[in-house]
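See structure below.
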Number of protein chains: 2
Amino acid sequence: MLKAKTKNEFKDYLLAQGLKSTSQRELILEEFLRAGSHLSTEELYLRLRKKQPRIGYATVHRTLKLFSECGIAERRHFGDGQARYEACARDEHHDHLICVDCGKIVEFEDPRIEKLQDEVACSNGFAIERHRLELYGHCQDCRSK
Amino acid sequence: MLKAKTKNEFKDYLLAQGLKSTSQRELILEEFLRAGSHLSTEELYLRLRKKQPRIGYATVHRTLKLFSECGIAERRHFGDGQARYEACARDEHHDHLICVDCGKIVEFEDPRIEKLQDEVACSNGFAIERHRLELYGHCQDCRSK
DNA sequence: GCTCCGTTGAAAATGAATTTCAATTTAATC
DNA sequence: GATTAAATTGAAATTCATTTTCAACGGAGC
């Protein structure tokens, strides 16, 4: 199962860095994987509080940072002022469609676009490391309301 | 001249909104147009202070907000934690190449990419309003160092 | 000039992200 | 299981950019 694999990955990372495995870290990873993507620190914190009211915001924040350091999560900004974290499968990449009305986020990937990006970068003398593509608009549901 | 046109545009906008034309607003627009794009509030504020030491940060901030309301400037985030404003020619659009080493920002546009974006959005039921495409990498200069 | 009302600038407030620090917990070692 | 060194936790404080407040000021119509 994917989640179990990710959990092991995380433990390995902690071990390798001389960091410790704690009940909070396990709980946060568990909930992060369960909750689905694009959560803000605040949102994850509130969800966690329901299960473990004594957990601290700082711990959630630090643990999410750990996740992104070890490649389990990626930090993103979609323009509402909060950072959001999404679980990332290794070696995969996708971009986002964001509904400006309801906030829905849809993931997509398109190799043709990626190819053109490389082309453009190359002709400007750049070697691309990463990119960000976000399409903002109105989703089907919101348009038919 | 383009700058003069933009200045008139701004005055018209102020008039239309029942807002006032002030020496600060003129000065800020002047310097904004002179300074070239992708400035943060802080950077523009510091430049302005050299010419008019009594100008306030809040005024610069509010005026930049005005610019983006009336279509003279666009607000962007490139991931360094500060908003940046760029002068925008009407009906034009471009994307950005950002060097992760030296911070250089290069603008580009590619209709082929735009077309594919529309395609993707459409097939997901979205009507695009705007998009953001940023390519992060290493520029020629930084790679040859 | 007078008056109304928008603007300014300094300071305070906000909001998210991050850091501090004393108390606690982990995990390696005895 | 006890000891110990080092990492972690959570509450509170801090930081940093952004935004708002408010009293003094200034623009524009009368």
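Naming convention: chains lettered A, B, ... in sequence-line order (proteins, then strands); numbering from 1 in each chain. Note that this is a predicted model, so its numbers are computed, not measured.
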Under 4.0 Å protein heavy-atom contact, by nucleotide of nucleotides 24-30 of chain D - B base, S sugar-phosphate only: --BBS--

Using a 4.0 Å cut-off on protein heavy atoms (strictly under), produce a 5'-to-3' string for nucleotides 15-22 of chain D with B for base contact, S for backbone-only sugar-phosphate contact, and - for none. --SBBBB-

Given salt bridge (charged side-chain N to carboxylate O under 4.0 Å, His left out), test A/E26 with A/K7 step by step and report yes or no. CA-CA 8 Å; A/E26 281 177 38; A/K7 286 181 195 172; over 6 Å; no

Test side-chain contact (heavy atoms from CB on, under 4.5 Å) applied to A/D95 and A/H131, step by step: CA-CA 9 Å; A/D95 297 304; A/H131 75 259; 3.1 Å; yes

From CA spacing to verdict: side-chain contact (heavy atoms from CB on, under 4.5 Å), A/L19, A/L66: CA-CA 10 Å; A/L19 304 176; A/L66 269 183; 3.9 Å; yes

Walk me through it: do B/Q24 and B/T63 pass the test side-chain contact (heavy atoms from CB on, under 4.5 Å)? CA-CA 9 Å; B/Q24 289 92 334; B/T63 305; 6.0 Å; no

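The separation between A/I28 atom CD1 and D/dG10 atom C1' is 11 Å, rounded to whole Å.
Distance check, rounded to the nearest 0.5 Å: SG of B/C99 to CD of A/E129 gives 9.5 Å.
Applying the ring pair (Phe, Tyr, Trp, His ring centres under 6.0 Å) criterion to A/Y57, with sequence neighbours excluded, gives A/Y45. A/F32 meets the ring pair (Phe, Tyr, Trp, His ring centres under 6.0 Å) test with A/F67; sequence neighbours excluded.
Here the shortest heavy-atom pairing between B/H94 and B/R76 reads O-NH2, 3.9 Å. Nearest approach of B/R84 to B/H38, heavy atoms of both residues: NH1-O, 2.8 Å.
Annotation: B/K11, atom NZ; neighbour count of heavy atoms from other residues, nucleotides and ligands within 6.0 Å does not exceed 12.
Here the side chains of A/I113 and B/Q117 are in contact, with some heavy-atom distance below 4.5 Å.
First and last contacts of DNA chain C with chain B, using any nucleotide atom under 4.0 Å from a protein heavy atom and ordered 5' to 3', fall at C/dC5 to C/dA10.
Relative to the axis of its first five pairs, the axis of the last five pairs of the helix from C/dG1-D/dC30 to C/dC30-D/dG1 sits at 20°, rounded to 10 degrees.
No donor-acceptor pair closer than 3.5 Å links the side chain of B/N124 to the backbone N or O of B/F126.
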